[in-house]
Structure formats: structure tokens, C-alpha cells
Amino acid sequence: MFHLLEKRIQQAVSDYIKSHHGIEVPVALEQPKQSDFGELALPVAFQLARQLKQAPKAIATQLAANLGAIEGVSSLEVAGNGFLNVRLDRSVYAHGILTGAQAASTASVGKTIVEHTNINPNKAAHIGHVRNAILGDTFVRMLRAAGSQVEVQNYIDNTGVQVADVVVGFHYLEKKSPAEVQQLIDAGKFDYLCWDLYARTSRYYKDNPESISWRQETLHAIEAGAGVQAELAHLIADAIVQAHIATMLRLNVTYDVLPRESEILHLHFWATAFEQLKERKAIYFETEGKNNGCWVMPGSAFSDFKEDEDSKVIVRSNGTVTYVGKDIAYQLWKFGLLGRDFYYQPFPHPLGYDLWVTTDHPVVDKAPAFGRGSRVYNVIDSRQSYLQDVVVAGLKALGYERQAAASVHFSYEMVALTPGTCIELGIELSDEDKRRPYVEVSGRKGLGVKADDLIDTLIAKAAEEVDSRHPESGAAVNRRVAGQIAIGALRFFMLKFTRNAIIAFDLREALSFEGETGPYVQYAAVRAGNIWRKLAERGERIPDFAKELDAAAMGRQLADEGCWQLLLQASIVDVAIDRAITSGEPAHVAKYAFQVAQAFNTFYHEYPVLAEENAEKKVFLLWMTQYFRQQLERTLDVLGIAVPEYM
RNA sequence: GGGCGCGUAGCUCAGGUGGAUAGAGCAUUAGCCUUCUAAGCUAAGGGUCGCAGGUUCGAGUCCUGCCGCGCCUACCA
């Protein structure tokens, strides 16, 4: 409804300016800082002042006088030095909400691909991965809520160095056979085992530099797809992927397809991309200097900086392709530009939702059509922005300008640990690290907070709270509620920061359920539901809002300034989502969710709904309650947070 | 050296395309549970928006230069 009015006002004002002044200007609308300035403010007179050579106030006065009536707008007032403040017709507005009036969806056509999570399948997921997955998943939910078609991809690098290092750990250090590793997998917590083994292998390399040759041997074996190391790599990567998918499912994060590096290799995606890059002269063969014998992309392709810019190696002198090269091939495939496709099969473990994995040979008759996106978002941390620039430069060099422009590096800053949290978790720090504001999480060093540990801790804390408040409820139900609260807390915590804020992870703060947190918002939604439940318990009549609240009744009730402001706040979910999509900031939705919850809590204390004696007012308050609940639920759903049945 | 980012209340952070009196949470202090469950509400204190210039009717926001911090700048991913 808000959107609808915004559009109507913008149209009316821009039409007027065009016909009277012959100028086309984008009409900006903002929400005034103070509510007594009305619901919307137009600073358009300031924009016009220079061109018309008139004082802003004069222009605004003229506009207000001549604009004529706009449906749903009750008045236009000139304020300040030339603001045009808009007051909405409250009864029209509320009645519009009740009858479901909406602006037409402006969702873009074509498919949007969002790639996120992308964890190396060689160890347990940690909080840095959790931020990536929650950011990506929430962005997907935002796009879908706005009506876009979205495909979620989680890229699995199952043939890389990190997997190789764990293979080295099992094969060379632990001397385990594939059968023995399979036993370890079956025993459970395999991702935790690998977490430690990976750290141990990394340390071993450091202490025994010559052993790095094991990594090379292993990588060759994996690439050739032969030998015991290749077999181990398969076992390990598949088991860890399964663990990651399960962990992410706990967080309400799901995917459509898992494209794997092994298929990019086996199906020769790179060879195809390589031919294109050579043919279009996007890369060249270096014959001198430090990159002698490599295929490189010139630095000028991905940097504004002219002289002395380092070239980026795409193919090493030993003929193997770098990660960036493979990523260019993958990006081309996402846009349907590679001329090749994967084969697919259903994910081999039951999850409760449809998930597909790539294969290198036909397995099933029919699989969904993946790829061929018109827009691609890669959720990758900001440290990789240089590499993402190279990938986009690759597309540009191939002449795919449109796709290069539609490739978005959805970057975010890392999650680090405060020294205090490290000490609390028993992580030893160097004296240098102790002086830093935060310490970087490192899988290689085994330094970090594992996702499942954090979730378990949160659930335990939530369960304590729930059990003490609801000893009468069953243990199973309390357990489920505790889970929903824990995930609500974690998702909200990861989303409340804007993307380029470094999260200095503080355990106490993350475990908080008070103030600007997920549980605060959940609690507001639960409270709204409680009023409704109580109504039913008392056997009171459930009103028919559409019949009992006509425009006149809405007008009478909304003469109350407090109610009006609260209704207004609750009604702009779509505005918040749109703004968050445009700016690429899921944090805006989280912020909005918190504000609506605050508004509801104000309402809750200000207006005792069930005790209201005036019949019309009681019906109206019940409607407000229901509307708040509905809007809170919608907003939380976009954030991937459930509303518990009680709290 | 170069590229990118950050610097706003004691702490953690918000502050769409420059706009009206710079906000929130936490922490602190003082209140509110016989009420639709207090995971809540009300109120108070707390600011040289890193520093210095500039642009203009107007700058936390844009430009330039400094200062401090972080990340990147691999034939790792």
C-alpha cells in the first residue's frame, strides 16, 4: 500500500513539473525524521531551485497550491525552507491494507543465480562460513520475496589443495586405508576429526618442508583420478559435504545444486574456456620474466592502473590451471556461455528438500535446467575481491560486456575473534595477537569456532530459558522451541551487521537474547499470537474485519496518532525489502524487523486489547494485532527465522 | 610502493541518491510484574561524527591532503 502511494505521488509530481516547467527530474521521496512532518517528504523544490532560479520555498508553495488532489493523500504542506510534506488519508490507507491493495511487482525477468557457502570440503564449518551462508541465504529469500526467480548454487572444490592436505594427513601421517577412513566416517563427527587433522598436517609441513611433495603427489593423483589418494579424496570430500549440508540445514539454509570442481575437470570445462580465452586474445603466453612459460592475463585488463601492474597467472608453467581459470569457466557456465553443461543426480542423502549434485556422466533421465542465469551474485569474502575482478575481466575480454556487468561480487568482511573470546575458548594466542582488536579465524591453524559447537551452545542456553519458563510443556516441544530461538539468535546476529563491517565475534554478545536480537523479534510475534490465543480460550467472538471495519471506522480509530504511527511502521515491509535488495544489505531487513518488533511492544503496552470496552475499538485493536503478527512473520521468514509456538 | 575498506556515545554498530533537532542495542542509574507471559516497557546521563582544508543555500554523507587500523597485492584457494 505504501509503495502504491509512493508511486502515485511521484507520478503526479513529475507529471506536473514536466507539463509546467518542461523539466524531467527523478522525484525523490523520503521519510521525514519527525512524524509530525507527515508520512512522506518531497525535497524536489531544492532540486528545481537551481534550474528555475527561484527560491525553494516559492517553488514548493506553487507546487502545493497547483498539484491538485491525489487519491489517498489528504494534504500537502510546505515546511522548512522548501520541503513539501505529504499527509496520507489514514482511512484510505488502512482500508487499502485490509483489502490487499498493492503496487505491481517490479521483479526483474530472467533467472538470478546466487552462489554462496562454498566451503572447502576438508573440515568442519566455522563461524566465517556461517556468515557467508546466512548472508547468501537471506539475500536469496529477499529476492524471492520480491518475486524474482532464483537458483542457489554451492560450489564444491573437492579436488583442491585443502582436500589434498587432509588426504596427506590420513595417508602419509596416519597411514589409514580407505576402508579405515570409511570406518571413521561411519563413527560420526568426521568433520571435527578432519578439522584437527588438517591443522596437524599444516603444522607438519611447516616443521618438515620437504614433505610438501606429498601434497603435489596427492594433487596429481586426484587430478588423474587414480590411486589410493584419489579414492581417499572422494571419500573425505563427499563425507564432509554431507556434514556441511546438514549443518547448514540446521540454520535453515538450503541449496538447489552443488556444482563440483571434479566435474569441471572431467567434463573439460576449462579446455573450452581456455580455447575461447586464447582465441579472443584475453590471455597470452609469457616468454620472459618471472611468469615465463605461463598463460597470463595482463594486469591492465582488471586494474585501472596502467604501468607496472602485475599480470595474473591463469595457467601455470607446468600446464595446470589456477583457481581463477576454473572460476572463469564456471562463471561462463553460469551465464550459459560455455557451450557445455554438467550432468546431474539427486543428492544421495535424504534432506527433506530437493538438492542436486553435478556428475560427469548421465545418471537420471531428467534433471532441472541449471545455469543460464541473467544475473549472478557470488557471495565471497572481501579478501577475494582481487580474484573476482580477474574473473569479471575475463568475461569482458571475451566480449561478454553485459554478463560482466551482471556479475556481482557480493562481498562481505570476515568474522574474527576478540582476544577475550579466544581466551574464553581456550585458544592460545601470541603476545602480538593479544594486543590486536581481533584475531582472524584460520582453518589451517585450527583456530576458530565451529558452527555446530556454536549452534549447540545456543540451543543449550535457549533450552535452559525455555524450560524455566515452561516447565509444564513437554521436553520435545521445549527442545524444538529452543532450537528455533537459537537459530533465530544466530541468524539475526550474523545479519545485524552491514556487509563490510568486520564482525569481532564476541561469544557473550552472540548468546544474548535481549535487545536487538532475533529472540526479541520472535518474542513480539509470539506475544501477538498470545492475544489471539487468549481470545479463543475465553470463547470470544472472532470478528470479521472486512465487514466490521469500513473506511469510516478506520478513520475514527486512526485519529489516534500512536496507532497510526504503529500501523504505518508495520506496513512498509516491502519498502524495507526493496531498499535492502537495491543496496545489497540484508542488514536493512534485520533492522526493520527489530523496529517493527519495537513498535509492536509499544502497542502491546499502550493498548490492552482484550480489556478494551469500546466494541469498535476492540475490533480495530484485534485487527492491528493480527496485522502486526502477519508482518512480523513475513519479515522473519525473509530472515530465515521461525516463529516459535510459545516463548 | 599500489589497490580496497574502516574510523560516529564507555562498548558493539545503524545512519538509501547531500536535507529539518546525529540514532539503536549493550553497559550504567532510577522506576514498572494481582494485568494480553518482564526474552518486555518507561525515563535519565552519555557526541569536536579521526584531523585539516574545500565544494554550496545546506556536509556524518561529496572532493583533496594528512593520521591511525585492517585486508589484498602467489605458478594457494
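Proteins get letters first, then strands, A, B, ... in listed order; numbering begins at 1 in each.
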Legend entry - A/F594: which of A/F600, A/Y520, A/F492 passes ring pair (Phe, Tyr, Trp, His ring centres under 6.0 Å): A/Y520
In whole angstrom, give me the gap between the [atom1] atoms of [N] and [M].
N: B/rG2; M: B/rG45; atom1: C1'; answer: 47 Å
N: B/rU64; M: B/rA30; atom1: C1'; answer: 49 Å
N: B/rC11; M: B/rG5; atom1: P; answer: 25 Å
N: B/rC69; M: B/rC76; atom1: C1'; answer: 26 Å
N: B/rC6; M: B/rC13; atom1: C1'; answer: 13 Å
N: B/rU28; M: B/rC67; atom1: C1'; answer: 32 Å

Categorize [X] for me: base, sugar-phosphate, or nothing, with a 4.0 angstrom heavy-atom threshold over every strand shown.
X: A/S317; answer: base
X: A/Y438; answer: sugar-phosphate
X: A/N292; answer: base
X: A/V161; answer: sugar-phosphate
X: A/V466; answer: base
X: A/Y607; answer: base
X: A/Q162; answer: nothing

Which nucleotide in the set [options] lies at the smallest distance from any side-chain heavy atom of [X]?
X: A/D157; options: B/rU37, B/rA39, B/rA77; result: B/rA77
X: A/Y323; options: B/rA77, B/rC72, B/rA39; result: B/rA77
X: A/H470; options: B/rA74, B/rC75, B/rU37; result: B/rU37
X: A/N530; options: B/rU12, B/rA77, B/rU37; result: B/rU37
X: A/H605; options: B/rC72, B/rA77, B/rC41; result: B/rC41

OP1 or OP2 of [N] under 4.0 Å from side-chain N/O of [X]:
X: A/R527; N: B/rA38; result: yes
X: A/N291; N: B/rC75; result: yes
X: A/R215; N: B/rA77; result: no

Legend entry - Derivation of the salt bridge (Lys or Arg N to Asp or Glu O under 4.0 Å) call for A/E585 and A/K591: CA-CA 10 Å; A/E585 284 291 2; A/K591 181 68 82 182; over 6 Å; no
Inset, instruction - Answer yes if the side chains of A/Y386 and A/Q384 hold a donor-acceptor pair under 3.5 Å, and no otherwise. - result: no
Legend entry - Side-chain H-bond candidate by donor/acceptor type, A/Y523 with A/N601, under 3.5 Å: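 Judged by distance alone, the side chains do not pair up.
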Legend entry - Residue whose closest nucleotide on RNA chain B lies nearer the 5' end, A/K534 versus A/Y520: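 Checking each residue's closest nucleotide, the 5'-ward one belongs to A/K534.
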Inset, instruction - Using heavy atoms to find the nearest nucleotide of RNA chain B for A/I531 and A/V324 separately, return the residue whose nucleotide is more 5′. - result: A/I531
Inset, instruction - Starting from C1' on B/rC75, measure out to CZ on A/F285 and report it in whole angstrom. - result: 12 Å
Legend entry - Any donor-acceptor pair under 3.5 Å from A/T218 side chain to A/W214 backbone: yes
[X], [atom1]: over 12 other non-hydrogen atoms inside 6.0 angstrom:
X: A/E464; atom1: CD; answer: no
X: A/E613; atom1: CD; answer: no
X: A/R215; atom1: CZ; answer: yes

Inset, instruction - List the protein contact pattern of nucleotides 13-28 of chain B with one symbol per nucleotide (5' to 3'): B for base contact, S for sugar-phosphate-only contact, - for none; contact means a heavy-atom distance under 4.0 Å. - result: SSSBB-BBB--SSS--
